[in-house]
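Written below as structure tokens is the structure these notes are about.
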Amino acid sequence: MGEDVAKHEFTREDRTRYRTKVRRCLDVFARMLREARFDFERPMTGLEIEINLIDEHGDPAMKNHEALEVIDDPDFVTELGQWNIEINVAPRRLAGGGITSFEETVRRSLNSAEEKAREIGAHMVINGILPTLRTKHVTPDQLSGNPRYALLNEQVLAARGEDLQISIDGVERLHLTASSIVPEAACTSTQLHLQVSPEQFPAYWNAAQAIAGVQVAVGANSPFFLGKELWRETRIALFQQATDTRGDELKAQGVRPRVWFGERWINSIFDLFEENVRYFPALLPICDDEDPLAVLDHGDTPGLSELKLHNGTIYRWNRPVYDVVRDRPHLRVENRVLPAGPTIVDTLANAALYFGLVRALAEDERPLWSQMSFQAAEENFNAASRNGMDAQMYWPGVGTVPVIELVLRRLLPLAHEGLIRWGVDSAERDRLLGVIEQRCLAGVNGASWQAREFHRHYDHTHLDRADALRAMLRSYVELMHANEPVHTWPVTP
């Protein structure tokens, strides 16, 4: 959904033509896989971070259009809600200081953007869900102005045929009826991209699925939504429900959700694209004029735009990506499980853990997924979303253990080994994985810090709930800009 779309009404003919074109693209993609036409000799990594905008009081600032105008940087783009923007960081290799380069680039860009956005009364916050959001902020009139969001909103609700029902039972309970997909805009994430060869893709995707629960548990940063304390990574449940095109009857029939963990380990990237085409009807049946087969037969690289657009409306937590750069196609695993924040150093520490673990697990002689059911991986993911660092997880060879114990004893050494294979130098490895180690030893991540700081204000002062959340957020923003890891953050007396 990163590309602009303009068409607003779809006919039955549009949908029939689109279905035919998507299947043609899938056939061409299968042929490209057989003929080994992909770029992977110098694998690149990428990073995207979604950002919230707040005003001087800590409330959402509905100014993303104005903010992008004053920031005036093509790396910053619009997002679903008027209080959201996103930074897309230029891809680079991990070897030779790549992770540190990401960190320095993002800090420099965010500092510059923050300074410019102040001119219009907006400030940057990177966290999974802005804790000061209220019901009045997640209404249809707060949708970003780009036509693609209005079109997506219209098509999701048309497919569903009724309002969205959001129900999350955690520390507290939230039940909400929404007449638009704007609640989805509350979910701000970090997306990690990893370029791989077609042959490597299944192992890297399977590895990413296997560690998704660990990532969420250690990196959780979304404990509040609409004033309620819910899951430690509430963003997971909210995103699943805020884009759900299924009514109760379709759920009862086992129709798959568009925000999807998946249901099996894979043997080829083709498995995922084929599932997308087989299981999910089109949300945005927009066709271009390219004949992908003719382009391929001519010796050129097809864009496969319909297949890409369809893929972009199915929100797997680890998404397969086909893209073309300088007329050369490549494949990526897009890891979407992590929230934004709390700091840039925490974000890159989470990235180091991910990149290291997937490399080590993907190259293991005995694949982890041959020892672990896919259902166990999904159960780990759900447990982590609910409980964060207090989650218990199943892992082959050790059984069900606290996630902190699993990370400290088993996974950090694997991540170190994986980063060595990427060519990451020892100082960089030790610094960033050291952040993960200390976070686990302290038992503090962004979610637990936010909850603890909120309760310090709400339970022990005269502040009401809304003001306690604002006070917590003010401390959060100050510490975020200092870029010290969250496990070192104090809780104000």
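Note: hydrogens, waters and symmetry copies are ignored here, and every other heavy atom, side chains too, is used.
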So how far is it from [X] [atom1] to [Y] [atom2], rounded to the nearest 0.5 Å?
X      : Y      : atom1 : atom2 : result
Cys187 : Phe225 : SG    : CZ    : 7.5 Å
Tyr279 : Ile314 : OH    : CD1   : 12.0 Å
Ser385 : Gln240 : OG    : CD    : 7.5 Å
Leu331 : Ile269 : CG    : CD1   : 4.5 Å
Leu192 : Thr190 : CG    : OG1   : 7.0 Å
Asn206 : Ile211 : CG    : CD1   : 12.0 Å

With distance as the sole criterion, is a donor-acceptor pair present between the side chains of [X] and [Y] under 3.5 Å?
X      : Y      : answer
Ser268 : Asp271 : no
Ser167 : Gln165 : no
Gln253 : Glu249 : no
Gln392 : Thr400 : no
Thr313 : Arg258 : yes
Asn335 : Gln215 : yes
Asn350 : Arg439 : yes

Is any side-chain heavy atom of [X] closer than 4.5 Å to a side-chain heavy atom of [Y]?
X      : Y      : result
Phe355 : Val424 : no
Leu80  : Ser144 : no
Leu53  : Met124 : yes
Asn483 : Arg107 : yes
Ile420 : Glu417 : yes
Pro183 : Ile166 : yes
Leu164 : Leu157 : yes
Asn88  : Glu48  : yes

Verify the neighbour count for atom [atom1] of [X]: are there more than 12 heavy atoms of other residues, nucleotides or ligands below 6.0 Å?
X      : atom1 : result
His65  : NE2   : no
Arg452 : CZ    : yes
Glu162 : CD    : yes
Arg278 : CZ    : yes

SB check [X] [Y] (cutoff 4.0 Å):
X      : Y      : value
Glu478 : Arg474 : no
Arg232 : Asp390 : no
Glu334 : Arg332 : no
Arg134 : Asp59  : yes
Arg235 : Glu50  : no

Are Thr78 and Tyr149 close enough, and set up right, to give a side chain to side chain contact (heavy atoms under 4.5 Å, CB included), and what steps lead you there? CA-CA 10 Å; Thr78 189; Tyr149 298 121; 3.7 Å; yes
For this session: Assess Arg92 against Phe102: is NZ or CZ under 6.0 Å from the centre of the six-membered ring, and within 45 degrees of the ring's axis?
Result: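 Pair Arg92/Phe102 counts as cation-pi.
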- Query: Has Arg256 got its NZ or CZ under 6.0 Å from the middle of the six-membered ring of Phe280, at an angle within 45 degrees of the ring axis?
  - Reply: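 Checked: cation-pi criterion not met.
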Worksheet entry | Full working for side chain to side chain contact (heavy atoms under 4.5 Å, CB included) between Gln209 and Trp265 | CA-CA 9 Å; Gln209 291 287 102; Trp265 306 118; 3.8 Å; yes
Keeping the roles fixed (side chain from [X], backbone from [Y]), state whether a donor-acceptor pair exists under 3.5 Å.
X      : Y      : answer
Asp364 : Pro367 : no
Thr243 : Phe239 : yes
Glu233 : Ala220 : no
Arg93  : Gly98  : no
Arg246 : Val255 : yes
Asn221 : Asn127 : no
Asn380 : Ala212 : no

Nearest heavy atoms of [X] and [Y], plus distance in Å:
X      : Y      : result
Leu130 : Leu473 : CD1-CD2, 3.9 Å
Gly443 : Ile404 : CA-CD1, 4.3 Å
Arg359 : Tyr204 : CD-OH, 2.9 Å
Leu463 : Ala471 : CD1-CB, 4.1 Å
Ile51  : Val125 : CG2-O, 3.6 Å
Ser222 : Ala447 : N-CB, 4.2 Å

- Message: Run the side chain to side chain contact (heavy atoms under 4.5 Å, CB included) test on Val398 and Arg410 for me, step by step, so that the C-alpha distance in whole Å, both residues' side-chain angles and the decisive distance to 0.1 Å come before the verdict.
- Response: CA-CA 10 Å; Val398 295; Arg410 286 290 184 106; 3.1 Å; yes
Using the benzene-type ring in the case of Trp, are the ring centres of Trp317 and Phe261 under 6.0 Å apart?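 No, ring centres 6.0 Å or more apart.
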Would you say the ring centers of Trp369 and Phe374 fall short of 6.0 Å from each other?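 No, the ring centres sit 6.0 Å or more apart.
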* Do Leu152 and Leu283 pass the side chain to side chain contact (heavy atoms under 4.5 Å, CB included) test, and can you show the C-alpha distance, the side-chain angles, and the key distance before you say yes or no? -> CA-CA 7 Å; Leu152 181 64; Leu283 276 184; 4.0 Å; yes
Go through the steps to decide whether Gln195 and Thr45 satisfy the test side chain to side chain donor-acceptor pair (under 3.5 Å), and finish with yes or no.
CA-CA 6 Å; Gln195 182 183 346; Thr45 57; over 6 Å; no
